[in-house]
There are 2 protein chains.
Amino acid sequence: MPSDTSTVLRARFENGSPLTVADQRHIDRLPFSGRNLRRGEVISRQGDLANRLHVIERGSAVAYRYLEDGSRQVVDLYFPGEILELNEFSERWYSSGLMALTDTRLVSYDKADVSRLFYQSPELSRRFINLLSHQQAVLTERLLTLSRAPARRRVAHFLLEIRSRATPGTVNSAYLFGRGPRELQPGRQRLEPVDTVRIPQAVIADALGLSLVHVNRTLRQLRENGVVGSTGHGITLIDIPGLKAEACQTESSGAETRRSA
Amino acid sequence: MPSDTSTVLRARFENGSPLTVADQRHIDRLPFSGRNLRRGEVISRQGDLANRLHVIERGSAVAYRYLEDGSRQVVDLYFPGEILELNEFSERWYSSGLMALTDTRLVSYDKADVSRLFYQSPELSRRFINLLSHQQAVLTERLLTLSRAPARRRVAHFLLEIRSRATPGTVNSAYLFGRGPRELQPGRQRLEPVDTVRIPQAVIADALGLSLVHVNRTLRQLRENGVVGSTGHGITLIDIPGLKAEACQTESSGAETRRSA
DNA sequence: CGGAGGCTTGAACGCTCTCAAACGATGTGG
DNA sequence: CCACATCGTTTGAGAGCGTTCAAGCCTCCG
């Protein structure tokens, strides 16, 4: 148990509006375990018992499933602060595999412990319900994009979603953006534009339900239009408004002032 | 307030395992209003304030959204016993419109009242979380099907999902299956096979992200293969295993014996 | 320097779309 | 009871987007 506490789960629940001290304590007291993974390392397999709840402290991960025809489908990507496989919190077994996309640090809780939180504090229940609900909204959005949109729009939408999800925790997101851990050492600053997405095109393809070849072609088009740039590996987002235009943003994510019951 | 009580929301929470008397009371005491709609009638519009929670008592409904290019996308279908727009429970405004697909009876609650339930009973919170979580699993499944599958598989998957969702409450599902209310009068028994899905092909198309024309063609193929039959309007599911084969059922619901760490 | 993994490009095929038109039931008014 | 309007379904033909197959290239790393 490397560190005595991890604030990442608490931060997830706080999400802007502070918790009561009691609720903070409830979360902080949860027993947890930390785990460091190398890029490409498998976290759990499809069919494994899903009794733990993982939160990403640093790095990124991908949930995927192999279909009968052998093709791989990416179910979701995860970034620092996010809870893995939240979409099947109540399921007993994983219906998808989980892999570290970059070098990653996870914090893991026992689902039974987490469930107990909800008996201890209705407020935490409410917030968890909000998390789930919000996730569903995002999923729904993705569903709409995937089912009908042409490749250009899918890719643009994908890049924007990644950007919006990975940017918040600046420090952590450096694992995904920029050149990776090595370049983060002071003095070696590459001063690369921050908006560089470093996800293998194969993963993008499997996430969007496109072939790798066509994702590549689509990126080339966007590049020729000056919307994105290429830094060898990694995609630099140059013209964000342009990207949004490509994505035909439904943009339901406007700055919402929210207090709710 | 036509009837003094409605058991449909309670049934949703019970879902097999009985509630304590206290919890039952909590739900039964919620103030609600009933509403009858004709086929095609609009329940709410995209952008409307989403402060009510609707449950279908009889009939069926569809959630849809118009995209910038003018095309319509079906977000979800709803059947008796299901909660409408559960995927955006925490949102303040509807991001999609809602329409009665057949003659329908709704029961509606105030979201604030429902939220209060969660403060009163952790058990109800837990169950609601399960509902949300399960919905997400279904959504995820649909996402996988939509993003990559060819038309045949999409249609087959769709028909099976409809069947599995609409069948349970036999009586209510008659509004969707069979010839509709009129034919249900005793004595007029049409004895039509129960597994007849009566959803306009246009809706199916918008749900699957296919063109109406191609949905039709695909249905014809399935018909020629003897998997489904056509009763003029309505699609009769003849060969369920055949359909499942077409759908390449991932069928994550298999009884998996697994111990693992 | 050589290998491995990921990126890039070309060509041909095929699934799905759009456009266009006809058919069939149902319901309405004459 | 028929003519007509309407809505949903059915079918054909041509075009476009994305796939598969098959190479070639680049970059990092041992």
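Just so it is clear: chains get the letters A, B, ... in the order the sequence lines come, proteins before strands, and each one is counted from 1.
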Nearest-Å distance for atom pair CD1/P, residues A:Ile199 and C:dC7: 11 Å
Test salt bridge (charged side-chain N to carboxylate O under 4.0 Å, His left out) applied to B:Arg65 and A:Glu141, step by step: CA-CA 11 Å; B:Arg65 190 191 293 185; A:Glu141 206 63 40; 3.0 Å; yes
Touch class at under 4.0 angstrom, heavy-atom based, for B:Arg223 against every strand present: sugar-phosphate
Any A:Arg154 side-chain nitrogen or oxygen under 4.0 Å from OP1 or OP2 of D:dG18: no
A:Arg165/A:Asp76 salt bridge by N-O under 4.0 Å criterion: yes
Presence of A:Asn216 side-chain N/O under 4.0 Å of C:dC7 phosphate oxygens OP1/OP2: no
B:Arg152, CZ: over 12 other non-hydrogen atoms inside 6.0 angstrom: yes
Validation row: A:Leu159, A:Leu243 side chains within 4.5 angstrom (heavy atoms): yes
Atom-pair distance (CZ on B:Arg220; C1' on D:dT11), nearest Å: 7 Å
Contact list for residues 199-217 of chain B, test salt bridge (charged side-chain N to carboxylate O under 4.0 Å, His left out), sequence neighbours left out: A:Arg148-B:Asp206, B:Arg72-B:Asp206
Min side-chain heavy-atom separation A:Val8-A:Arg12 under 4.5 Å: no
side-chain N/O A:Gln201 vs C:dT8 OP1/OP2, d < 4.0 Å: yes
Integer-rounded Å distance: D:dC7 P and B:Arg39 CZ: 10 Å
Whole-Å distance separating the CD atom of A:Gln221 from the C1' atom of C:dT9: 13 Å
Spacing of A:Asp206 atom CG relative to C:dC7 atom P, expressed in whole Å: 12 Å
Pair assignment for DNA chain D - dot-bracket with | for other-strand partners, Watson-Crick or G-U under 3.5 Å: ||||||||||||||||||||||||||||||
Min side-chain heavy-atom separation B:His157-B:Arg154 under 4.5 Å: no
4.5 Å side-chain heavy-atom contact, A:Val75 and A:Asn87: yes
Contact pattern, 5' to 3', of nucleotides 17-22 of chain C - B, S or - by protein heavy atom under 4.0 Å: SBB---
Side chains of B:Leu222 and B:Val155 in contact at under 4.5 Å (non-hydrogen atoms): yes
B:Arg148 CZ - D:dG18 P separation (whole Å): 14 Å
